[in-house]
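Below, each value reflects all heavy atoms present in this structure, side chains not excepted, and no hydrogens, waters or symmetry copies. Note that this is a predicted model, so its numbers are computed, not measured.
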Amino acid sequence: MTIQSLPDILRYGSISEPLWIEFDRRIGYHSMDTTHYHRSFEFFYLYSGERKFFIRDSLYPIQSGDLILVNSNFVHRTSELSQPNHERVVLHFDLPFFDGLPQEETELLQSPFLDGYPIVRLNLQERLHLEALFESLLRELNDRPPGYQLHIRNMAIELLLLTARHMQKRKALPNVEVTPVQRKVTDIIRHINQQFREPLHLDDLAKQFYISKGHLSRVFKEVTGFGFSQYINITRIKEAEHLLRETDLSITQISEQCGFENFSHFGKVFKELSGLSPRAYRKLD
């Protein structure tokens, strides 16, 4: 079975499980229309086409054969470039996937996501090896013979191991050249990531970074795929989720520490992005 003979959509697991796999063949132009971050590590391979990939505070153009590694809880989003149509496969590794492995092996398999530069551009031999592993995994997922889940897990580990060894052998490519506009938006995003606990207003940042309010609003959306206020809310809610899980601070205190000036607004935004109220989210653990 080749990649071309697969159905347009294949799925394995779900976001709440240790391993979640998505294969999609998309015709036409396509961009993610929702905010996106999750606890799992994301292993994204573009079989065909070209995309823009925004991760944390930078924008990367990617092409067929590129492997993208997204660390846990990093905000990210993909969107189209100039060409329609693409095929991609995505593996999500949540922390329980690594349960039972020795610490040294867990650290090795997770190391590609911690490297710093998220784009891996393989040579032809490495790409063929990677695609052979993917096709073996996807064939099992499509046919589902006895023991297919064991095979899928083994192939997923093999993919991580191949990538970890690759990363140890040579450095990732240097950052692709960015435009002055992209560089300015990256500086603004880094400012937001550092100062999200303080009041942040479009007018103030436009003045601080010497750009008009309207132009900043437009190019911020073009570069990141997120609206200005939307990105700030995502950043604040990510921190709120962390504080709800890891501290005993009251929900009111968390709201204030995360930069929300209005408690009811905090509750509304939290539920929109997390799907739960802050109180219900805290009870999950």
Side-chain angles (χ1 to χ4, degrees), residues 26 28-38 42 44 46 49-63 66 68 70-71 73-86 88 116-119 172-241 255-262 264-266 268-270 272-274:
R26 290 175 171 147
Y29 291 97
H30 175 82
S31 293
M32 290 174 58
D33 56 5
T34 58
T35 57
H36 199 69
Y37 65 92
H38 37 70
E42 181 167 319
F44 180 112
L46 189 65
E50 58 181 24
R51 310 286 290 158
K52 288 187 296 187
F53 217 120
F54 172 79
I55 304 174
R56 199 179 189 185
D57 59 14
S58 299
L59 184 71
Y60 308 91
I62 63 171
Q63 62 191 31
D66 283 353
I68 299 88
V70 184
N71 201 353
N73 283 319
F74 275 20
V75 174
H76 58 286
R77 182 184 183 126
T78 64
S79 56
E80 72 266 6
L81 270 172
S82 57
Q83 299 297 321
N85 307 339
H86 71 280
R88 51 71 135 171
Y117 190 75
I119 311 301
L173 291 177
N175 287 357
V176 294
E177 188 173 345
V178 297
T179 67
V181 168
Q182 290 173 346
R183 192 174 296 112
K184 180 157 286 194
V185 171
T186 293
D187 290 341
I188 292 170
I189 290 169
R190 288 173 178 160
H191 178 84
I192 292 171
N193 289 343
Q194 293 171 356
Q195 303 296 328
F196 66 87
R197 295 175 181 84
E198 304 301 323
L200 292 170
H201 302 290
L202 186 64
D203 285 344
D204 296 336
L205 287 186
K207 292 175 184 175
Q208 182 176 342
F209 287 89
Y210 304 101
I211 183 172
S212 73
K213 176 181 174 181
H215 189 51
L216 172 56
S217 179
R218 185 173 66 257
V219 298
F220 192 96
K221 177 76 171 179
E222 288 174 357
V223 171
T224 70
F226 301 104
F228 176 78
S229 296
Q230 182 186 27
Y231 184 82
I232 292 173
N233 284 338
I234 291 169
T235 304
R236 288 171 169 167
I237 294 304
K238 278 179 58 187
E239 177 66 9
E241 290 176 345
S255 170
E256 293 170 352
Q257 286 200 18
C258 293
F260 286 93
E261 299 174 359
N262 182 291
S264 63
H265 180 60
F266 166 68
K268 179 182 178 182
V269 173
F270 191 98
E272 285 177 356
L273 293 178
S274 299

Mind listing the closest non-hydrogen atom pair of [X] and [Y] along with its distance?
{"X": "Ser217", "Y": "Leu202", "value": "CB-CD2, 4.0 Å"}
{"X": "Arg236", "Y": "Leu200", "value": "NH2-N, 3.9 Å"}
{"X": "Ser212", "Y": "Ala206", "value": "C-CB, 4.0 Å"}
{"X": "Ile188", "Y": "Phe220", "value": "CG2-CE1, 4.3 Å"}
{"X": "Leu46", "Y": "Gly49", "value": "CD2-O, 3.5 Å"}
{"X": "Ile237", "Y": "Ser274", "value": "CG2-OG, 3.7 Å"}

So with a 6.0 Å cut-off around CZ of Arg56, is the heavy-atom count from everything else above 12?
no
Does any non-hydrogen side-chain atom of [Y] lie less than 4.5 Å from one of [X]?
{"X": "Val185", "Y": "Leu59", "answer": "no"}
{"X": "Gln208", "Y": "His191", "answer": "yes"}
{"X": "Tyr37", "Y": "Glu241", "answer": "yes"}
{"X": "Lys184", "Y": "Val181", "answer": "no"}
{"X": "Asn193", "Y": "Tyr231", "answer": "yes"}

Give the intermediate values and the outcome of side chain to side chain contact (heavy atoms under 4.5 Å, CB included) for residues Ile192 and Leu205.
CA-CA 9 Å; Ile192 292 171; Leu205 287 186; 4.1 Å; yes
With rounding to the nearest 0.5 angstrom, report the [atom1] to [atom2] distance, [X] to [Y].
{"X": "His86", "Y": "Arg26", "atom1": "NE2", "atom2": "CZ", "answer": "4.5 Å"}
{"X": "His201", "Y": "Ile232", "atom1": "NE2", "atom2": "CD1", "answer": "9.0 Å"}
{"X": "Glu50", "Y": "Asn85", "atom1": "CD", "atom2": "CG", "answer": "10.5 Å"}
{"X": "Arg197", "Y": "Gln257", "atom1": "CZ", "atom2": "CD", "answer": "7.5 Å"}
{"X": "Asp204", "Y": "Glu198", "atom1": "CG", "atom2": "CD", "answer": "12.0 Å"}
{"X": "Arg88", "Y": "Arg51", "atom1": "CZ", "atom2": "CZ", "answer": "8.5 Å"}

Under the side chain to side chain contact (heavy atoms under 4.5 Å, CB included) rule, what do Ser58 and Arg190 come out as? Steps first, then yes or no, please.
CA-CA 9 Å; Ser58 299; Arg190 288 173 178 160; 4.2 Å; yes
Test of ring centre spacing under 6.0 Å for Phe44 and His76
no
May I ask you to check whether Phe260 and Phe270 place their ring centers less than 6.0 Å from one another?
no
Which residues pass the salt bridge (charged side-chain N to carboxylate O under 4.0 Å, His left out) test with Glu222, sequence neighbours left out?
none
Contacts of Lys213 meeting salt bridge (charged side-chain N to carboxylate O under 4.0 Å, His left out) (sequence neighbours excluded), chain-then-number -> Asp203
Please check if the side chain of Asn262 supplies one atom and the backbone of His265 the other of a donor-acceptor pair under 3.5 Å.
yes
Exactly one of Ile189, Ile234, Asn233 should register a side-chain contact (heavy atoms from CB on, under 4.5 Å) with Phe226. Which one does?
Ile234
Check step by step if side chain to side chain contact (heavy atoms under 4.5 Å, CB included) holds for Asp66 and Tyr60.
CA-CA 11 Å; Asp66 283 353; Tyr60 308 91; over 6 Å; no
Take Thr78 and Ile62 through the side chain to side chain contact (heavy atoms under 4.5 Å, CB included) test and state the conclusion after the steps.
CA-CA 10 Å; Thr78 64; Ile62 63 171; 5.8 Å; no
